[in-house]
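To keep things clear, I will list the structure first and then write my remarks on it.
Quick note on labels: first sequence line is chain A, next is B, and so on, each numbered from 1.
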Amino acid sequence: MQVTLKIFRYNPEDGRKKHYDTFTLDADPTDRILDLLEQIKGSEDGTLGFRRACAHGVCGSDAIRINGVNRLACKVLVQDLKSRKVTIEPILGLPIEKDLIINMEPFFDHYRSVMPYFVNDDPPPSKERLQSPEDRERFDDTTKCILCAACSTSCPSYWVNEEYVGPAAIVNAHRFIFDNRDQAASERLEILNEQFGVYRCHTIFNCTDACPRDIQVTQAIGEVKKAIVNGRLD
Amino acid sequence: MQKHQYEVVVVGAGGAGLTAALYASHKASTAVISKLYPTRSHTGAAQGGIGAALGNTEEDHPEWHAFDTVKGSDYLGDQEAIDFMADEAVDAVYELEHMGLPFSRNPDGTIAQRPFGGHTNNETGKPVRRACYAADRTGHMILQTLFQQSIKNKVRFFDEFYVLDLLIVDGKTAGVIALELATGEMHIFHSKTVIIATGGHGRVWEITSNAYSYTGDGVALTLRRGIPAEDMEFFQFHPTGIYRMGILITEGVRGEGGVLINGEGERFMERYAPTVKDLASRDVISRAMYLEMKDGRGIDGKRYLHMDVTPEVVNHYADVDGRKNPDGSPYRVTASDILNKLPDIIDFCETYIGINPISDPMPVQPTAHYAMGGIPTNKFGEVVVDEKNTILPGLYAAGEVACVSVHGANRLGTNALLDLIIFGKYSGLKAAEYSASEPYLDLPKEPEAFAMQQLDSIRQSKGNERMIDIAAEMKQVMFDHVGVFRVEEGMQQAVDKVRELKERFKEITIDDKGLKFNNNLIEAWELSNLIDIAEVTAVSALARTESRGAHSRDDYSERDDKNWLKHTLAWMENGGVRLGYKPVQITKYKPKARAY
């Protein structure tokens, strides 16, 4: 079948304004959008800029906007689309470097700000720390995050306020706050209780819809809010 | 041109690179240079587990792990290094847990373990639960945990920098040259040591589980600087890739009781490996699958088979095998057990092929998966450059890019993640130790000259060849002729073809002439790496007139210990490949016939 891709283009080196290029190509229903981008880059226009690595939804390189919604290019197939015409754009809210490549640094700055690492200053036992399957399950959902930024860059609060830490950072804080082996939950809750923390979330649910790992992002943010309000973890 | 100075430079930020950096940075100034943002590294795609004889649910010993690894390697692994790895494994897994890694858990709170191919109780020969796992995303958890700890420990990263050249002065390591992708600017990293941790090269083959980024950058880099590549003919084809796409379906599926079924509805592995059946080594299973398909027993006569993990089938064969739970009760699974233990596999199948593995079998074929060969090192990650294992001072390699060799002719499942952690750690420690006593060497004038010359030849090339065609022809010929089964004629064809492609590569044109994020240029460089590696692989394979592990020949179908119990070393010289050999280190496990 024939598919038409309308792709956002911007290269600060070529002096042209931001614009769209249109490519029409033969595709199989089971082709990934990433396969089509590769085909264009290989056969038609080698200057097309985008990131990719694993090509099966686990590395988080290729979050883009497909027909206006945030998706991984490698997790959407041609047959998943309602139309044979597809608009491809970079994710919103971060500076565009070239075509679909955005500057991820502001996103990672937010991520680093919530202490996204395990803290336990007790001397470790000679074997593993024990943790029941139920305690492990408590934070399972948020361990799945691949830092693709699809959630944060789908959030209207994140677009309008560059200081808001965003859903991805809260998800990664949640992963440690609810891990009963960790000892820094109160410090993270304090960070997220500040002006640009969890209260910038207005439960719009774009993030949950955007997550390619099916993390219940809004729910995780709600659990963090509740922990702040109650002053304890449930 | 920017200049930087660090005692230790780590190239690559996957499991091995991050571990090396964590250890090195405690004692030496350390920088990590990676072409990908660290969390995009291919370690994150590993699924099933990391092997360590914790014995959490049943008896197990590091000695059994070591022997299984030697046997899995078809006796080509170096036994001192294997003993070292199996001994270190237990503490390495505990250390990951102490860093916060969220392993799945047993009811008593200990780390959960599952059976995997070739992991056995050495007394009964039956499968043993040795693979420590976090659902089917163990690699993701390892990568995330190491990255998190790197942030905590303030490791210095140069993300999206592509290393083009290794600097060697008077036979010692002096740094690297790198291109900053965002700007196109060249950087000189002046260092005392370099740790190469760039991963593998599965993109040589048409069907692969490997990321686009797996282009053999480290091996190609060192080959061009006169360092040999070891055992490149040994490349693992994982039995279960999704048909035509190659996406990995973890061996953990078989660990949880899944079975391979042919077009006649037969569980054929019982004919090839009567004791452990679907949990034989990967080379054994990939060969069996190839033979089934060759004899017309693929599904509907096609080039794929079924991987079946539906609860009815799992429970049926668990009864046939007499499989028991640790408490002695019969092994049983439900749909929700499968969902909990293999969530990503289910997601991949639903996303890419519209199949739910809980109710339908998965179409699978062998997929190019893992490089046993690579840059020769000893068990401390020190790079050794000749038949006598002479060390090149200041140079280290760890992870898939390296050949210690602990995997020999065939790697056991779960030993890759283990390799990253253990040899990443020791290369980091050794590099820091070396840095403490050695000075910085003076760099030559224009240290970037060799890199610039290669880069310019790509930039300025004006021929009519397109990369996409050259890549497709290479992948095809390597998959057809240097794949699961090999014969002389086919391998010769592959050597000839790859050499033709090497010439045609000189005639490519790239569209992008810019500086900023010129991925077009980087992809051309990566393709030139893959072509070099394909040539070295095919030449090494053609010369080895025996069958061992992943190197299976129709024309020399037996293992030949008399002539071939030795490692291959391949140098790129005078536009071709020169081969040499070095002995395998054998300590307590004498080679014997291999049956599962």
Side-chain angles (χ1 to χ4, degrees), chain A residues 11-14 30 32 38-39 41-43 45-61 75 77 97-99 101 103-104 108 112 115-120 124-133 135-136 139-140 143-147 175-176 179 181-182 213-214, chain B residues 36-37 39-42 44-45 54 93-95 97-112 134-135 137 139-141 144-145 148-149 151-152 182 211-213 245 247-248 343-344 347-348 351-353 466-468 471 510-520 523:
Chain A
N11 183 352
E13 286 183 302
D14 70 9
T30 54
R32 295 163 271 204
E38 284 290 329
Q39 202 180 318
K41 192 174 175 73
S43 304
D45 184 354
T47 69
L48 181 63
F50 57 93
R51 291 188 178 100
R52 84 286 191 262
C54 79
H56 66 286
V58 298
C59 79
S61 297
K75 273 198 99 170
L77 310 188
E97 295 277 345
K98 177 180 178 179
D99 300 337
I101 300 173
N103 181 349
M104 294 286 284
F108 283 110
R112 285 187 287 261
M115 303 174 67
Y117 42 77
F118 185 72
V119 176
N120 183 324
S126 60
K127 295 187 171 185
E128 67 269 60
R129 291 191 172 91
L130 299 179
Q131 183 172 49
S132 72
D135 287 338
R136 167 64 180 77
F139 63 100
D140 185 65
T143 63
K144 297 186 307 199
C145 178
I146 54 175
L147 299 169
R175 178 255 171 270
F176 292 102
D179 182 341
R181 299 170 300 166
D182 182 90
R213 302 287 286 157
D214 294 328
Chain B
L36 299 175
Y37 200 83
T39 57
R40 314 308 181 207
S41 303
H42 199 55
L54 307 186
V93 167
Y94 291 145
E95 190 178 358
E97 198 281 332
H98 296 160
M99 290 181 188
L101 196 140
F103 283 108
S104 296
R105 299 288 173 156
N106 293 315
D108 66 0
T110 55
I111 293 169
R137 39 180 92 109
H140 165 76
M141 300 302 189
Q144 293 289 328
T145 300
Q148 291 154 3
Q149 290 297 307
I151 293 172
K152 189 179 181 187
Y212 276 106
S213 41
M245 299 187 84
I247 296 171
L248 182 65
D344 278 2
D347 179 35
F348 298 151
T351 301
Y352 297 111
I353 48 176
R466 287 201 76 92
M467 284 196 274
I468 195 171
I510 58 167
D511 296 338
D512 198 334
K513 307 293 183 193
L515 289 170
K516 201 173 168 54
F517 281 109
N518 190 342
N519 295 345
N520 206 201
E523 282 160 29

Among the listed options B/Q149, B/R466, B/M467, the residue most often paired with chain A at heavy-atom distances under 4.5 Å: B/R466

Between the side chains of B/D511 and A/K41, is the shortest nitrogen-to-carboxylate-oxygen separation below 4.0 Å, so that they form an ion pair? no

Which answer fits A/P125, side chain, backbone, both or neither, if we ask what part of it has an atom under 4.5 Å from a heavy atom of chain B? both

B/T351 side, atom OG1; A/K75 side, atom NZ - distance, nearest 0.5 Å: 4.5 Å

For the aromatic rings, using the six-membered ring if either is Trp, is the centroid distance between B/F348 and A/H56 under 6.0 Å? yes

Considering only heavy atoms and a distance below 4.5 Å, find which of B/T145, B/I510, B/D344, B/L36 pairs most often with chain A. B/D344

Could you tell me which of B/P343, B/P102, B/G44 has the largest number of non-hydrogen atom pairs under 4.5 Å with chain A? B/P102

Is the shortest side-chain N to carboxylate O distance from A/K98 to B/D512 below 4.0 Å? yes

Rounded to the nearest 0.5 Å, how far apart are CZ of A/R181 and CD of B/E97? 5.0 Å

When A/D214, A/V58, A/D179, A/L147 are compared by non-hydrogen pairs under 4.5 Å with chain B, the top option: A/L147

When every non-hydrogen atom of A/A53 is compared with those of B/R40, the smallest separation belongs to CB-O, 3.9 Å

Which region of A/M115, side chain (C-beta onward) or backbone (N, CA, C, O), has a non-hydrogen atom less than 4.5 Å from a non-hydrogen atom of chain B, or is it both or neither? neither

With a 4.5 angstrom heavy-atom cut-off, which part of A/E13 approaches chain B: side chain, backbone, both or neither? side chain

Closest non-hydrogen atoms of B/Y212 and A/A55, given as atom of the first, atom of the second and distance, are CE1-CB, 3.7 Å

Provide the closest heavy-atom pair for B/T110 versus A/E128 in the form atom of the first, atom of the second, distance. CB-OE2, 3.2 Å

Region of B/L248 that comes under 4.5 Å of a non-hydrogen atom in chain A: neither

Report, as yes or no, whether the 6.0 Å neighbourhood of atom NZ on A/K127 holds more than 12 heavy atoms from other residues, nucleotides or ligands. no

Pick from B/M141, B/M245, B/Q148, B/R137: which one has the most heavy-atom pairs with chain A under 4.5 Å? B/Q148

Rounded at 0.5 Å granularity, tell me how far OG1 in B/T39 sits from CD1 in A/I146. 8.5 Å

Answer with side chain, backbone, both or neither: which region of A/D182 has an atom nearer than 4.5 Å to a non-hydrogen atom of chain B? neither

Quick one: pull up CD1 in A/I101 and CG in B/N519 and give me the separation to the nearest 0.5 Å. 4.5 Å

Could you tell me the separation between the CG atom of A/N120 and the NE2 atom of B/H98, rounded to the nearest 0.5 Å? 9.5 Å

Tell me whether the NZ or CZ atom of A/R32 lies within the 45° cone about the ring axis of B/Y352 and under 6.0 Å from its centre. yes

Salt bridge check, B/E523 against A/R52: does any charged N sit closer than 4.0 Å to a carboxylate O? yes

Looking only at heavy atoms and a cut-off of under 4.5 Å, which of B/K513, B/Q144, B/H42, B/E95 has the most pairs with chain A? B/Q144

Given heavy-atom pairs under 4.5 angstrom as the criterion, report whether the side chain, backbone, both or neither of B/D347 touches chain A. side chain

Testing the basics here: between A/P116 and B/I151, what is the closest heavy-atom pair and its distance to 0.1 Å? CG-CD1, 4.4 Å

So, the side chain of A/R136 versus the backbone of B/F103: is there a donor-acceptor pair under 3.5 Å, distance only? yes

Using a 4.5 angstrom heavy-atom cutoff, name the option from A/S43, A/S126, A/S132 with the most pairs to chain B. A/S43

Can you tell me which portion of B/Y94 sits under 4.5 Å from chain A's heavy atoms? Options are side chain, backbone, both or neither. side chain

Taking every non-hydrogen pair under 4.5 Å, which of A/R213, A/K144, A/R129 racks up the most with chain B? A/R129

Quick check for you: to the nearest 0.5 Å, what is the distance between A/R51 atom CZ and B/Y37 atom OH? 10.5 Å

By a 4.5 Å heavy-atom criterion (distance strictly below it), what part of B/M99 contacts chain A: side chain, backbone, both, or neither? backbone

Okay, A/F50 and chain B: the region with an atom under 4.5 Å from a heavy atom over there is backbone

